[in-house]
Number of protein chains: 4
Amino acid sequence: MTEKQERILETALSLFAKDGFSATSTSKVAREAGVSEGLIFRHFENKEGLLNAILENGRQKLTVIFDSIHHLEEPKEILRRVIELPLTIDEDQRPFWKLLYALKWQADVYDDSMSNPMKDILIPVFEALNYHQPELESELVMVLMDGMASHILLKRSGNVEDIKELIFKKYDL
Amino acid sequence: MTEKQERILETALSLFAKDGFSATSTSKVAREAGVSEGLIFRHFENKEGLLNAILENGRQKLTVIFDSIHHLEEPKEILRRVIELPLTIDEDQRPFWKLLYALKWQADVYDDSMSNPMKDILIPVFEALNYHQPELESELVMVLMDGMASHILLKRSGNVEDIKELIFKKYDL
Amino acid sequence: MTEKQERILETALSLFAKDGFSATSTSKVAREAGVSEGLIFRHFENKEGLLNAILENGRQKLTVIFDSIHHLEEPKEILRRVIELPLTIDEDQRPFWKLLYALKWQADVYDDSMSNPMKDILIPVFEALNYHQPELESELVMVLMDGMASHILLKRSGNVEDIKELIFKKYDL
Amino acid sequence: MTEKQERILETALSLFAKDGFSATSTSKVAREAGVSEGLIFRHFENKEGLLNAILENGRQKLTVIFDSIHHLEEPKEILRRVIELPLTIDEDQRPFWKLLYALKWQADVYDDSMSNPMKDILIPVFEALNYHQPELESELVMVLMDGMASHILLKRSGNVEDIKELIFKKYDL
DNA sequence: GATGAATGAGTTTTCATTCAT
DNA sequence: AATGAATGAAAACTCATTCAT
């Protein structure tokens, strides 16, 4: 991975996240990345290849996060970590998440591949905590996380931290 | 509003919702609506004007819904109605909602104009129910609704009805 | 000639003069004239018909001017009147002249139909005044008039009146 | 400046001069230049950019001519050279001049940037020749030149050479 | 690996013109 | 006489992609 290659990925990610995939032209990516337009195609085959490279890049970091949670033992600790996940997205990872969420609304581009691993983590937690409907409770948490992520990524309100505390209280965490 | 004008709006809405705004060409809209491409521009000025007409159209229907909730008296009844709002989106309104949610992720296209009226409805409810942090609770409900809407509009799981019941139980509704 | 018909002619003339014939759309003419677009075509057949109507309109006024000069007897008086012709264009006739001059540079639109009558007036004048080359002198005056008209119609300098006086002096008028 | 780029400029100039700027489509320019239409926009941004490139191109050649006159010493020699300027336009420069003169009649397209340098040349000449009103005389010469240029560029008469001689005689050149 | 000229197929938009009312 | 909805063809412009260097 050369420096220019990385600059392309970085620029494309930020533009795709800001303006959307199809509203971003390869020429704009090239211009802002300071490389020739041809280079994008040499390295990534085509525009979709560029998107895939970006997603692949991010998915790897994602796996790391999932694994770190998987290793935990205490159910409440796991639940706490899962719920606060959207809050722990740090500044330089935001474009990636924004892109991911935006793509979900674009048909046939992205498959929801992190939904199942999340369920696999949550169901055992609610079972351990003796909730009546572990699967349903898991889904509810995922709904909550989705909502939280939206609010955070779209900067809709500042007090997400407080909302998190409120949720923690409701789950007695 | 002539018949062709309406057909354009309808077709555009369904295509924008399915494939995204910028991935949908005006020529495709015209073809599927069975009108000449020029007509789109004669009636809506430009592609963005078409989008705005669609959004304006939808916003009006939205106001009707908000108003119907506003007129209710019983706090719990209001809360129930608000929470189940995402579930009451009927089939022919789905494209509008899908478009709206997709646009939120595109910068500068859509302003979140229904977030405040919603707060105005919810805060008094939680005050009446003697919750400690009415504003925070309102925001949490909105987070929940956002998550629910996503799940429904993206058909991620079938048992949203069950999730709703679970939420009702948690709010003792 | 109805009132709307006249308003179309007037508006078209001023727009054609300001922006050029092909850069002016019939829709803009209709809009500024406050009539429906269809009306232009009902009255003038097509865009070129509109132009021709404007030109025909103006040519009539032109003939009146030529005739008034033709009736004069005194050679110097004629020469004086001819030379100051460009200066006597009054404000509301300027668009017509501007259009006429602009059209000359557009191939195949306008034939230079006032060049010959002018020569017919000038040659006898210079013969009467005993100039050596009456035809050449006539052409020179026409060159001068062309230059003057440009300067006036394009508002290039304010002291056209002084230039006229200078020319008068040179021709001992 | 690649060969295709030059071919575009050349073709565009000749078409703009012949048919007018707005009556000439970029697709026609591309076709006649034997290039793809996109190339025009890649090199010149938009249609107006193409026009500006043409004008800039011509203005440079213009400066060379002005400079060559500026270097002369003898006032009468300068006056002679200035007056015969319109006659020295050679065949391949004619389209440029025709375009320039045509554009003057189109509002906001062309600023009369060569009028002042011309005055700077002429006023000292008439001062040196002891004319009473050097500035006015300069303007008159420019009026004359404008008229001459029109006559030449629009091929209105063949004996411009004779007219020039007549003018020379009047200025005792 | 990198550039940037070049393309062709498309996209958005404009426009003269027609036609039912 | 007048409107304004509608069209089809063309205009301006964009864009993903290729290729010679």
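Numbers restart at 1 for each chain; the letters A, B, ... are given by sequence-line order, proteins then strands.
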May I have the distance from Gln5(B) (atom CD) to dG4(F) (atom P), rounded to whole angstrom?
13 Å
Please compare Ser36(D) and Gly34(A) by the position of their nearest nucleotide in DNA chain E and report the one closer to 5'.
Gly34(A)
When rounded to whole Å, the CD to C1' distance for the pair Glu3(D) and dT21(F) reads 16 Å
Over 12 foreign heavy atoms within 6.0 Å of CD, Gln93(D):
yes
When both distances are under 3.5 Å in a Watson-Crick or G-U wobble arrangement, the nucleotide paired with dA20(F) is dT3(E)
Atom CG of Leu39(A) and atom P of dT18(F): how far apart are they, to the nearest Å?
15 Å
Check step by step if side-chain hydrogen bond (donor to acceptor under 3.5 Å, both in side chains) holds for Ser27(B) and Glu37(B).
CA-CA 6 Å; Ser27(B) 81; Glu37(B) 206 176 344; 4.8 Å; no
Nearest-nucleotide comparison on DNA chain F, the residue closer to the 5′ end among His43(B) and Ala23(A):
His43(B)
Return the value, rounded to whole Å, for the distance between atom CG of Leu50(C) and atom P of dC15(E).
15 Å
Does some side-chain heavy atom of Ser22(D) sit less than 4.5 Å from a side-chain heavy atom of Phe21(C)?
no
Rounded to the nearest Å, what distance is computed from the CG atom of residue Asp19(B) to the P atom of nucleotide dT11(E)?
12 Å
Does Thr26(C) reach the side chain of Phe41(C), with side-chain heavy atoms less than 4.5 Å apart?
yes
Is a donor on one side and an acceptor on the other found under 3.5 Å between the side chain of Lys47(A) and the backbone of Thr24(A)?
yes
Give the rounded distance in Å between these two atoms: CD1 of Ile40(A) and C1' of dG4(E).
13 Å
Could you check if a side-chain atom of Thr11(D) sits within less than 4.5 angstrom of a side-chain atom of Lys28(D), using non-hydrogen atoms only?
no
Measure the spacing between CD of Glu56(C) and CD of Gln60(C) and express it to the nearest 0.5 Å.
5.5 Å
Test item: Leu9(C) and Leu13(C) side chains (from C-beta on) under 4.5 Å apart, heavy atoms:
no
Expressed in angstrom and rounded to an integer, what is the separation of Lys4(D) atom NZ from dA6(E) atom C1'?
6 Å
Detail all sub-3.5 Å separations between protein N/O atoms and N/O atoms belonging to nucleotides 10-13 of chain F.
| from | atom 1 | to | atom 2 | distance (Å) |
| --- | --- | --- | --- | --- |
| dA12(F) | OP1 | Lys47(D) | NZ | 2.7 |
| dA12(F) | OP2 | Thr26(D) | N | 2.7 |
| dA12(F) | OP2 | Thr26(D) | OG1 | 3.1 |
| dC13(F) | OP2 | Lys47(D) | N | 3.0 |

Could you give the distance from CG (Leu39(D)) to OG1 (Thr2(D)), rounded to the nearest 0.5 Å?
6.5 Å
Interatomic distance where CZ belongs to Arg42(B) and C1' belongs to dA6(F) [whole Å]
8 Å
What parts of residues 7-16 of chain C reach DNA chain F, counting only heavy atoms under 4.0 Å away?
none
